Amino acid sequence: MVTQKPAIPKGTRDFGPAIMVRRNYILETIKKTYQQFGYLPLETPALENISVLTGNYGDEGDQLLFKILNSGDFLSKVDKADIDQGYKKLLPKISNKGLKYDLTVPFARFVAMNRHEINFPFKRYQIQPVWRADNPQMGRYREFYQCDADVIGSESLICEAEIISLINQILNQLGIHDFILKMNHRSILAGISEEIGAPDKVAVLCVAIDKLEKIGQEKVSRELEAKGFTPNSITRLFEILEVSGTNQEILSKLSQLLKKSTPGTEGLKAIQQIFAYADNLVIGDHRVQFDPSLARGLSYYTGAIFEVQVNNQEIGSIGGGGRYDDLTSIFGLPGVSGVGFSFGVDRVYDVMEKLQLFPEFQNTQSQVLVTIFDDTTVIHALQIVRELRKQGLTVEIFPDTVKLKKQLNHAHKKSIPFVIILGPDEIANNQLTLKNMATGHQTSQDLNTTVNLINSTQSK
RNA sequence: GUGGAUGUAGCUCAGUAGGUUAGAGCACCAGAUUGUGGUUCUGGGGGUCGCCGGUUCGAGGCCGGUCUUCCACCCCA
């Protein structure tokens, strides 16, 4: 037999029990809060038709899609000419499925497919892995989980305020307090673009100013210059972006600067309204920061955009989202606006690990390990396990008849707090020997007393 | 996709200008302790030095390719 070194593909990970307990804690917290806000669960396949996926994430996104080869002889419909035309022409002939890249587009597909059964506004949450053929780095994986919550079929800005509230509640529960929720509006970006005299270059502008915080004003200027922005418009741009102060101060200064721009004025009004709603909805301080330089990549956003960043953590954003006015139109359902948000659990995990925010999870381990003394005591041990479980204890049995030393060592390594020793002496006296692993102390008594002893020590 | 760094035992790492049977700590297993874990002591197992090829009398160390991981770009959760 040819053996191979076990390995998993680049950018993917196994999650062992210790990690899963913590991941589940995050997922459960998110799920519970989503449900508390009225979002209902949805799952969609890992695979989508490639036509559903392409064209929604920009050229970059299409590059990062995992495509799946057609089954069987995937070359049967391909001839030399196809190959000579390059991979872009070849691709549709050899692949008609792909792994989903995010949860929003499959959601839009679902909504379009089920439009007659859905009551709008429709709120759903979805917690599933997505795949991107990106080059892995810190906090960046090829398979990772997203936790989306979206409302579709309402243009009300209350939906945006709800999302602000949702994010605050979840992060507070997870113990992540040192974060900011950055917010901007695509119309404001369009307004800025108009104001600096480059209305047709919003997309390029967005990509550039999104990096402002990371690479600084000088490098951004140079990049814009290279993209054909005039020195005048660049100067004007930074006059706008330099505006600082409280959210209200920035908003009022910007409305002066952008007063000639219709989309700019509308965007600012929307942000103002969202803040007004959020002030009355969010429990405590909502930690929203209006940031005109926030751009975000995904091309389907049209309204408000959000991004959550944890302060002093170089991991990028742990979540983001925004409003999309027309996502379902490519599936034949125009005029349905939606807004959504997504947490990246993997990054939330990394941050919580670094900040040591995970609680101890003692409830996930067994309370007692029942040992098997020798072949003659197996049946008794099984019966004891049955009775202890009947009484509600979390109990496991060491399945092999090996030295007590080994069984105790197993309990020690798994941090199981109690061990029951059941040898011929105990069986003869109808007693159980209970060893407290922390103190090393052990006593013998009947079953009910043993259960009480375990329960009383546990509850302390 | 582009560029840079990295890869030696399960883990963290040594390994001097290429030169015998590649080391340590931790972890693991066994015994001291035949009804008892954590400490201690004694002993033991485990490496085709990421993979493939090349140079050389000889390669863990040099060269080429490839894969992994990390970093930067790109982009993003």
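Here is the naming used below: chain letters follow the sequence lines, and residue numbers restart at 1 for every chain. These figures come from a predicted structure and were not determined experimentally.
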A/Leu408 CG - B/rG38 C1' separation (whole Å): 11 Å
More than 12 heavy atoms from other groups under 6.0 Å of CD1 on A/Ile283: no
Aromatic ring proximity A/Phe358/A/Tyr349, centre distance under 6.0 Å: yes
Donor-acceptor contact below 3.5 Å, side chain A/Asp210 vs main chain A/Ala295: yes
Protein-nucleotide distance (A/Asp374, atom CG; B/rG35, atom P), rounded to Å: 10 Å
N or O in side chain of A/Lys405 less than 4.0 angstrom from B/rU36 OP1/OP2: no
Base partner of B/rU2, which must satisfy Watson-Crick or wobble distances under 3.5 Å: B/rA72
B/rG38 OP1/OP2 closer than 4.0 Å to side-chain N/O of A/Lys414: no
base_contact_polar (B/rG35 base, A/Glu426 side chain, donor-acceptor, <3.5 Å): yes
A/Asn430 atom CG: more than 12 heavy-atom contacts under 6.0 Å: no
Syn-anti status, with the boundary at 90° from 0, for the nucleotide B/rG65: anti
Base paired to B/rC49 (Watson-Crick or G-U; both N/O distances under 3.5 angstrom): none
A/His441 NE2 to B/rG37 P, straight-line distance once rounded to whole Å: 17 Å
Base B/rU36 paired with A/Gln442 side chain (donor-acceptor, <3.5 Å): yes
Toward the 5' end of RNA chain B, by each residue's nearest nucleotide, A/Met437 or A/Gly11: A/Met437
salt_bridge(A/Lys123, A/Asp150) N-O dist < 4.0 Å: no
Side-chain donor/acceptor contact of A/Asn409 with base of B/rU36 under 3.5 Å: no
Phosphate OP1/OP2 of B/rC76 contacted by A/Arg347 side-chain N/O (<4.0 Å): no
Closest-nucleotide 5' rank along RNA chain B - winner of A/Phe373 and A/Ser317: A/Phe373
A/Asn135 CG - B/rA77 P separation (whole Å): 17 Å
Euclidean distance for P, B/rA17 against B/rG61 (whole angstrom): 15 Å
Between C1' of B/rU34 and NZ of A/Lys403, the distance in whole Å: 8 Å
Face-to-face stacking of A/Tyr141 with B/rA77, centres under 5.5 angstrom, angle under 30°: no
Pairing partner (Watson-Crick or G-U wobble, both distances under 3.5 angstrom) of B/rC62: B/rG54
Touch class at under 4.0 angstrom, heavy-atom based, for A/Ala438 against every strand present: base
Spacing between A/Arg142 atom CZ and B/rU68 atom P, to the nearest angstrom: 7 Å
